Amino acid sequence: MPELAEVAYYCSRWNPGCGERILEARLNGRIRCFRNTEPTRLAALLEGNRMIDSRTHGKRILFRFDKRLWLSIHLGMTGSLSIRASKANLKKHDHIVLNTSIGWLVYNDPRQFGVIESFEADQLPEFWQNLPPEPISKTFDLRYFRRLARRGSRKPLKSYLLDQTRFPGVGNWMADEILWQSRIRPQRAVDSLDDEETRKLFQSVKRVSRIAMERIAPDYSDPPKTWLFHRRWRTGELCPKTGDLLKREKIGGKTTCWSEYWQR
DNA sequence: ATGCATGTTACATG
DNA sequence: ACATGTAACATGCA
């Protein structure tokens, strides 16, 4: 599920744990999520450590602990963060469970496509030191956007928008929303856009990211009712603008939804 | 039962 | 080497 704003939402769900000491850490080390980190060692490092800070960038989350420890989480397809009141509430796929005085911080992930990594250092882990601008940031302006587009790519815009080095945080539904709002078909290539289309695409990237953050990040509210978002999940739904049947097809391996007459 | 899922990447192909 | 496409990962749901 998690794209830009959902990731920010889940990150914030652990906020009450900020400043808390980890009394006990239970990590399910047999799952795929621990691809690059040794879970036994991480559990030992977490215990007695205090969470002091959290941040997100695109789809990544980073928690800082006070004794040379960083915990990095990518939620994959089905990862989520929450706090459970007691261990009686623990569920089957709760793979990380951190006991604190305010409750159990939980990472849950049924499909285990998420990635958990830890870093033992005083300074920021390398990935976080030189980040590309997020679409919501001020430095992500039209000039920057044009520069991204100039590195010509002939792959469909749908796939282009999912490139996390260019559009950190943009996922499948956001890409469809951005293209629908800019009235451009997902099959088009960056190369084929004229100046006006480039500007419209830029504006939609900014707008969809900003409004998603405003609506979803604080409490997981739905995006505006007028958005494609509410119509793109199953076949048979109609375009909110034209009333025509929406198209659904795989592009670049991802299910894509668009409105044939609305988008050119 | 079958097909599909909001993410990423290793591998295949041209 | 480069650019793009596909299969695979593990589980749950319609």
Side-chain angles (χ1 to χ4, degrees), chain A residues 1-11 13 28-37 39 56-61 72-81 91-96 106-117 127 132 134-135 148-181 186-192 205 208-209 211-213 215-217 220-224 227-237 246-258:
Chain A
M1 305 168 168
E3 303 180 19
L4 181 79
E6 291 99 344
V7 170
Y9 166 76
Y10 283 123
C11 176
R13 295 212 67 192
N28 175 4
R30 286 167 314 176
I31 56 155
R32 172 189 159 82
C33 305
F34 294 99
R35 266 159 285 189
N36 311 318
T37 278
T56 68
H57 185 273
K59 295 174 189 168
R60 297 210 200 201
I61 304 175
S72 155
I73 297 183
H74 188 301
L75 298 171
M77 290 271 270
T78 54
S80 67
L81 299 177
K91 306 205 170 129
K92 185 176 172 190
H93 295 291
D94 288 347
H95 301 306
I96 296 182
V106 168
Y107 169 77
N108 180 284
D109 187 357
R111 286 175 70 181
Q112 304 162 35
F113 291 176
V115 181
I116 308 294
E117 285 175 294
F127 168 84
E134 291 186 291
L148 283 186
R150 235 193 336 247
R151 281 193 272 148
S153 161
R154 272 172 294 112
K155 67 177 165 186
L157 280 171
K158 174 59 186 271
S159 313
Y160 181 72
L161 287 167
L162 293 175
D163 179 347
Q164 296 302 292
T165 66
R166 289 178 166 108
F167 305 100
V170 172
N172 208 20
W173 77 255
M174 286 183 76
D176 283 0
E177 189 70 43
I178 287 163
L179 290 163
W180 180 75
Q181 291 195 18
Q187 297 86 347
R188 296 273 304 278
V190 198
D191 300 3
S192 78
V205 169
V208 169
S209 308
I211 297 176
M213 286 299 277
R215 301 280 291 234
I216 301 169
Y220 223 104
S221 295
D222 274 344
W227 280 21
L228 175 70
F229 178 89
H230 304 281
R231 298 286 139 83
R232 66 171 297 284
W233 303 104
R234 46 198 193 117
T235 51
E237 299 271 9
L246 289 163
K247 296 258 183 188
R248 282 175 107 240
E249 234 170 69
K250 269 197 189 279
I251 298 178
K254 313 299 289 184
T255 298
T256 301
C257 176
W258 78 98

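Per chain, numbering begins at 1; letters A, B, ... match sequence-line order. Please read these numbers as outputs of a predicted model, since none were measured by experiment.
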Shortest non-hydrogen contact from Gly76(A) toward Pro2(A)
O-CD, 3.5 Å
Work out which heavy atom in Lys254(A) is nearest to a heavy atom in Asn172(A); give both atom names and the distance.
CB-OD1, 3.6 Å
Starting from [atom2] on [N], measure out to [atom1] on [X] and report it in whole angstrom.
X	N	atom1	atom2	answer
Arg234(A)	dT6(B)	CZ	C1'	17 Å
Met174(A)	dG7(B)	CE	C1'	14 Å
Leu161(A)	dT6(B)	CG	P	15 Å
Met77(A)	dA7(C)	CE	C1'	14 Å
Glu177(A)	dT6(B)	CD	C1'	13 Å
Ile73(A)	dG7(B)	CD1	P	18 Å
Glu117(A)	dG7(B)	CD	C1'	15 Å
Asn108(A)	dG12(C)	CG	P	10 Å

Side-chain ([X]) to main-chain ([Y]) donor-acceptor, under 3.5 angstrom:
X	Y	answer
Ser192(A)	Arg188(A)	no
Arg215(A)	Asp222(A)	yes
Arg60(A)	Pro168(A)	no

Quick one: look up who dT2(B) pairs with, Watson-Crick or G-U, both distances under 3.5 Å, and put none if it's unpaired.
dA14(C)
Taking a pair as Watson-Crick or G-U wobble with both distances under 3.5 Å, which nucleotide is matched to dG7(B)?
dC9(C)
Short side-chain N/O contact to dT4(C) OP1/OP2 from Ser159(A), under 4.0 Å
no
For Gly253(A), which contact category applies under a 4.0 Å heavy-atom criterion: base, sugar-phosphate, or nothing?
nothing
Which one, dT6(B), dT4(C), dG12(C), comes nearest to the side chain of Trp173(A)?
dT6(B)
Taking the minimum atom-to-atom distance to the side chain of His93(A), which one of dT6(B), dT4(C), dG12(C) wins?
dG12(C)
Check nucleotides 8-12 of chain B against the protein and report each pair of N or O atoms closer than 3.5 Å, with its distance, or say if there are none.
residue: dT8(B); atom: OP1; partner: His74(A); partner atom: NE2; Å: 2.8
residue: dT8(B); atom: OP2; partner: Lys59(A); partner atom: NZ; Å: 3.0

Whether over 12 other heavy atoms sit under 6.0 Å from Lys155(A) NZ
yes
Mark yes or no: Arg166(A) above the aromatic ring of Tyr160(A), with NZ or CZ under 6.0 Å from the six-membered ring centre and no more than 45 degrees from the axis.
no
To the nearest 0.5 Å, what is the distance between OG1 (Thr256(A)) and CD1 (Ile251(A))?
4.0 Å
Let me confirm one number: the CD-CE distance from Gln112(A) to Met77(A), rounded to the nearest 0.5 Å.
13.5 Å
Inter-nucleotide C1' distance (dT6(B), dT4(C)), Å rounded:
22 Å
Given the P atoms of dA10(C) and dC11(B), what is the spacing between them in whole Å?
16 Å
What do you reckon, do Phe113(A) and the base of dG7(B) stack, with centroid distance below 5.5 Å and planes below 30°?
yes
Protein-nucleotides 1-4 of chain B N/O pairs under 3.5 Å:
none

Trp173(A) and Trp227(A) aromatic ring geometry - parallel, tilted or perpendicular at 30°/60° bounds:
tilted
